[in-house]
Amino acid sequence: MRRRIGRSYHPQAAPPVGIAAWLTIIALLAASHSSGAQGGWIDAYRDTASRLISESTGSRFAWERLALLSDTYGPRLSGSQNLADAIEWAVAEMRNDGLEHVRKEPVKVPHWVRGRESAEIVSPRPHAMVMLGLGNSVGTPPEGVEAEVLVVRSFEELDAASARARGRIVVFNAPFTQYGQTVQYRSAGPSRAAALGAVAVLVRSIGPPGLRTPHTGALRYTADQPRIPAAAITVEDAERLQRMQDRGTTVRVRLRMEAKFLPDADSYNVIGEIRGRERPDEVVVVGGHFDSWDVGTGATDDGGGCIVTWEALRLMRKLNLRPRRTVRVVLWTNEENGLRGGLAYRDRHRSQLANHLLMLESDSGVFRPTGFGFSGTDTARATITQIASLLQSLGVDRIGPNGGGADIGPSVEAGSIPAMSLEVDGDYFLIHHTPADTVDKIDPADMARASAAIAVIGYVVADMPERLR
Ligand SMILES: [Zn+2]
């Protein structure tokens, strides 16, 4: 509003006019004030938003920081030295950035290690397959598990073939549709097959066809079934096994895995803040998960999400912005194979959740950002939609349904907190949980746009006169 008056109606800028014209100007000013009841407050943030946007889009800082993180520490599985060292680095870097109240909150995390592993067709002729053991899987005996395979495309096919599953290695060759739908073969497949007497499971990688790239990820054993070893194979190898079975060939496979759990390890959620100038106990939280799978470098899942949310605070600090309320970045630990970081945050901050105004997670990769998912009241959605109008120049102004994230989920649910997630257009499921999850797939300009958008949302929600409800 200030800018519009300055450009069009400021008396000093106006040409000499008569009384009738002045009356018109006064009427226009009155109209613009009364419309301020709905939209005027947001205009006060236009200038700050464009400063945040130009600071971010004018640099490659976020991408360079992600490249440094992923090149230096690589993959960051819970319990690994890589994760422990990366956490110390993040704490030191947040302090260098001038963030406040930087700290580590302790979390005990599961410590699963992959060890050596292999899968090969042993007959009719020997062929090595490309594989990755599924996270949290048990290992095999040292000599491996060798058995005839039973290939199925779905749980229905497995049930129809249930009499033939005993003693077999069941191969789930389910084509990828949507992640939430197809991932059940990875998470629930091993126990479903074990219930029918299978000795091991191979899962076609959960992702669109790639270049013979296996995808790891967590399985979930049910308590009432034997725990059998399970691994992901590539789309190519799953289709090969399917074709051989369809031709009536008897195929035997040997799976070897050293996978095992070590005792729970010490880890931490990393937290940094810009303390609010008026109501520091009211908090806007942004963040991602700092742990990753043990292959690739966890650049997309979820190093990028960590860096762009952290970057939102660095940008505010750089521009000396101190909102009314606190903005907090949280780098959660152990999302991938336990979610212990998200659960620990909820438990430790339970008494403060009522003062969490908004939680925003970025964990869908940082490709071309298009907007945010939002879950919350209609009033809060209307406010967030207004704030997002400040992001039109970035093309990140779409506010869709279903905001949230794995790490913020426990707190959001316990505290009925409005939740947001960064939405992007990109090949997330092509590379996540694979050796190909590396920083070269990520565009510095996309990271800059995402950082700016999160900074604007975080800053305005933390600073606006009315609390988000
Ligand atoms: Zn993730």
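Values below: all heavy atoms of this structure, side chains included; hydrogens, waters and symmetry mates excluded. Whatever order the structure lists ligands and atoms in, that order sets their numbers, starting from 1.
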Flag for Thr438-Thr297: side-chain donor and acceptor within less than 3.5 Å: no
If only protein N, O or S atoms under 2.8 Å count, total around the Zn ion (ligand 1): 4
Any side-chain donor near an acceptor of the partner, Arg240 and His127, under 3.5 Å: yes
Contacts of type salt bridge (charged side-chain N to carboxylate O under 4.0 Å, His left out), residue Glu100, not counting sequence neighbours: Arg322
Inter- and intrachain pairs under ring pair (Phe, Tyr, Trp, His ring centres under 6.0 Å), touching residues 298-321, at least two apart: Trp89-Trp310
Contacts of type side-chain contact (heavy atoms from CB on, under 4.5 Å), residue Val91, not counting sequence neighbours: Arg95, Val102, Lys104, Val270
Exercise: do His289 and Asn334 side chains pair donor with acceptor under 3.5 Å: no
